[in-house]
Amino acid sequence: MSDDRQIAFRFGFSPRHDRRSFVAGAANAAALTALDRWPEWSEPVLALHGPAGCGKTHLAAIWAARARAGPLDPARLDAALAAGAAGAGALLLDLGAGPLP
């Protein structure tokens with residue numbers, strides 16, 4: 001008699017959001033190319049969008065590290081903009097994920 005049950009192992013896993021661990025594919029190659037053009041963007045803002053799991057947060061973390069961008073809390077967006085936070089340097093607003101590592 002065979003036992004077809006699957007045993008789940010709990011391995012510690014901590015995702016890395018750095019450039020070396022990013023795998024570009026058809027769904028995110030254009031976004032990676034756009035981020036690589038920073039700071040030579042034609043506009044001062046770039047919006048990444050797509051389905052869950054396509055790499056938006058990973059790409060955002062890569063750019064934030066390169067641009068030394070500070071996180072912008074969506075719940076405090078109005079107050080931050082009113083206080084002039086946008087003029088203080090690069091900012092990252094990630095509406096889909098939790099805080100970046």
Side-chain angles (χ1 to χ4, degrees):
M1 177 174 182
S2 80
D3 187 354
D4 294 335
R5 290 180 297 158
Q6 195 173 48
I7 299 172
F9 293 102
R10 298 184 194 268
F11 293 109
F13 175 73
S14 178
R16 293 187 313 185
H17 289 101
D18 60 10
R19 181 64 183 254
R20 288 184 56 189
S21 63
F22 185 77
V23 178
N28 54 31
L32 180 61
T33 299
L35 289 174
D36 281 342
R37 290 187 183 128
W38 183 89
E40 305 302 323
W41 291 345
S42 61
E43 299 295 328
V45 67
L46 179 70
L48 298 178
H49 62 91
C54 72
K56 297 179 303 288
T57 296
H58 195 150
L59 285 166
I62 292 168
W63 174 80
R66 182 174 171 207
R68 295 187 178 115
L72 186 57
D73 183 352
R76 297 193 172 124
L77 181 59
D78 290 338
L81 294 176
L91 296 170
L92 173 65
L93 177 61
D94 187 347
L95 299 174
L100 293 174

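Reckoned from all heavy atoms, side chains included, excluding hydrogens, waters and symmetry mates.
Here the CG-CD1 distance, from Leu32 to Ile62, works out to 6.5 Å after rounding to the nearest 0.5 Å. A distance of 12.0 Å separates CG of Leu46 from CH2 of Trp38, quoted to the nearest 0.5 Å.
Looking at Asp18, its side chain does come within 3.5 Å of a backbone N or O of Ser21 through a donor-acceptor pair. Listed for the Arg19 side chain is no donor-acceptor partner under 3.5 Å among the backbone atoms of Arg66. With hydrogens and angles disregarded, no donor-acceptor distance shorter than 3.5 Å links the side chain of His17 to the backbone of Leu59.
Across all their heavy atoms, Lys56 and Pro51 have their closest contact at NZ-O, 2.9 Å. Shortest non-hydrogen contact noted between Ala69 and Leu92 is CB-N, 4.3 Å.
A heavy-atom distance below 4.5 Å is not found between the side chains of Arg37 and Ser42.
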